[in-house]
There are 4 protein chains.
Amino acid sequence: MQLTLDPDSEVSIYQQIRDRIVEAIAKRQAREGDPLPSTRQLAADFGINFHTVNKAYDLLRQQGVIRINRKSGAVVRRDATTGPPEAAFVNDWEERMRVLLAEATVHGMDRQDVLRRCEALLISFEEGV
Amino acid sequence: MQLTLDPDSEVSIYQQIRDRIVEAIAKRQAREGDPLPSTRQLAADFGINFHTVNKAYDLLRQQGVIRINRKSGAVVRRDATTGPPEAAFVNDWEERMRVLLAEATVHGMDRQDVLRRCEALLISFEEGV
Amino acid sequence: MQLTLDPDSEVSIYQQIRDRIVEAIAKRQAREGDPLPSTRQLAADFGINFHTVNKAYDLLRQQGVIRINRKSGAVVRRDATTGPPEAAFVNDWEERMRVLLAEATVHGMDRQDVLRRCEALLISFEEGV
Amino acid sequence: MQLTLDPDSEVSIYQQIRDRIVEAIAKRQAREGDPLPSTRQLAADFGINFHTVNKAYDLLRQQGVIRINRKSGAVVRRDATTGPPEAAFVNDWEERMRVLLAEATVHGMDRQDVLRRCEALLISFEEGV
DNA sequence: GTGGTCTAGACCACT
DNA sequence: GTGGTCTAGACCACC
């Protein structure tokens, strides 16, 4: 799993770590039961504070994506094969999707264009790219 | 144009204002050339400070969605009919969409489910709902 | 003399009027002694308040570019042939030029490029374009 | 980096801060990667409110001159060595330059005089004065 | 300790 | 009456 961070992004570091890990699981580069790097390992790789990595992992844990064992560290708990989504997740997700789709519409992307791009992204996950 | 804000949301108030206005334009409840409420008016309606509305409007201006005219206030500048999207916008938008789609995939939404929901949201805009 | 204004510019209307008139005199489309349109005339042409035009004319008067007669209206008082610049003007002008040139430098325009563009603009005035 | 502000200037304070920083970068007193004072620090130095400095920094960020890193504060992102200017910048810059050159012409500065002064200013940047 | 957000209120510029 | 600027002070998020 190869992660790249942008320290100048307006997205906070811990959010970026979380986003990259979610993407890696979507691409099936990491699967249910697979271990994640230790927080100290990841922090050293990126030259950031390990509390920041901790925060990202804690967020993933709250969202049900990973579980954290004192012994074995962080492990993927949730991937595409685990089962159908929870209703609460879908509600929240649709709220965020509505905003993103509204933006696309306002900026002149038409319905087919948007759907084609979404499909292409989803297929790229399935192909693990 | 009827806007509602959630003061307890983790999304900042000025972002919410921006999101609601973008959605209203996507639903064609406001079109190119239509005036928006004055910053102080909107602030009074929501019971918030006018600087907060100011920041939302400034953000919309930077993104090319509205223009601000010293005499007549804020006016919609960009809607679905204005023209094709700029390349820079599409690049940024796809980055954000990738994260949102990765999340859906990890939580067990399959490709068709995701696309169906996106299409439903886009159609709801076209129907002005 | 053909003037075009942009009501959405961040430059105020009266400043735009002033800028356009100064440019017209630089291009020698209006010369020392030539009359300018009446404030009410110009206001009607642009669909703006005549006080705004008044303010632009007053600014030009303060800067010594025009003089205003109760009877004959506004008349060009200063053009390229009138004589050498005042020291106070040059000082102020250099301050503003310094900022503009610093901006060009920071954004990667090199000295020759800047000078070539300035010369081209000055020549375009001499040619009345 | 030594900055001085004029509270009586007709140029707003946050614009002056922006102008002084751009000039400092043009003179290579600050280079790509160099840190700028924190917003609150600079505000304290000038005896002004930190929001005002914030606005100046935000403007510089929008214009691509600095980047703002959540941990290390503001850092110079753009200087003369970074690369060629963007077309959009040059267009806007030429518009502003046209007005300034027209003013010089109307006030009796001739072409060679203007170019000599511009060259002198540019050379003063190269010498870091 | 850094920047970001929000509030409150005053004053000014523009039209 | 509109937006723009500046001040003052509080609280939070991030690292």
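Numbered from 1 within each chain, the chains take letters A, B, ... in sequence-line order. Source: prediction; values computed, not measured.
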Using only atom types and a distance under 3.5 Å, with no angle test, would you say the side chain of D/Thr82 pairs donor to acceptor with the backbone of D/Asp79?
yes
Please find the pair of heavy atoms, one from A/Ile66 and one from A/Tyr57, that lie closest to each other, and give the distance.
CD1-O, 3.5 Å
Hey, is the side chain of C/Lys55 poking within less than 4.0 Å of OP1 or OP2 on E/dC14, counting only N and O atoms?
yes
D/Arg61 CZ to E/dG3 C1', in whole Å, measures 11 Å
Any side-chain N or O of D/Thr52 less than 4.0 Å from the OP1 or OP2 oxygen of F/dT7?
yes
Tell me: CG of C/Asp8 to P of F/dG4, nearest whole Å?
12 Å
Side-chain atoms of B/Ile13 come closest, of F/dG3, E/dG3, E/dT7, to E/dT7
Could you give the CZ-to-P distance, from D/Phe50 to F/dT5, as a whole number of Å?
17 Å
Spacing between C/Leu5 atom CG and E/dT15 atom P, to the nearest angstrom:
10 Å
Heavy atoms under 4.0 Å, any strand shown: does D/Tyr57 hit a base, just sugar-phosphate, or nothing?
nothing
Any side-chain to backbone donor/acceptor pair from A/Trp93 onto B/Leu100? Under 3.5 Å, distance only.
yes
To the nearest angstrom, how far is B/Ile17 atom CD1 from E/dT5 atom C1'?
12 Å
B/Leu42 CG - E/dT7 P separation (whole Å):
12 Å
Under-3.5 Å donor-acceptor pair between B/Arg40 side chain and F/dG4 base
yes
Check whether any side-chain nitrogen or oxygen of D/Tyr14 sits under 4.0 Å from OP1 or OP2 of F/dC6, and answer yes or no.
no
Tell me the closest heavy-atom pair linking D/Arg18 and D/Gln63, and the distance in Å.
NE-OE1, 3.1 Å
What are the two closest non-hydrogen atoms of C/Pro7 and B/Asn69, and how far apart are they?
O-ND2, 3.6 Å
D/Gln15 CD to E/dA13 C1': how many Å, rounded?
15 Å
Which nucleotide in the list E/dT2, F/dC14, F/dG4 gets nearest to the side chain of A/Ser12?
F/dC14
Tell me the interatomic distance from D/Arg18, atom CZ, to F/dT5, atom P, rounded to whole angstroms.
13 Å
Which part of the nucleic acid, if any, lies within reach of C/Ile48 when heavy atoms closer than 4.0 Å are counted: base, sugar-phosphate only, or nothing?
nothing
It should be established whether B/Asn69 places a side-chain nitrogen or oxygen under 4.0 Å from OP1 or OP2 of nucleotide F/dT2.
no
Pick base, sugar-phosphate or nothing for D/Asn49, based on heavy-atom distances below 4.0 Å to the nucleic acid.
base
Using Watson-Crick or G-U wobble geometry with both distances below 3.5 Å, tell me the partner of F/dG4, or none.
E/dC11
Of D/His51 and B/Arg70, the one whose nearest nucleotide on DNA chain F sits closer to the 5' end is B/Arg70
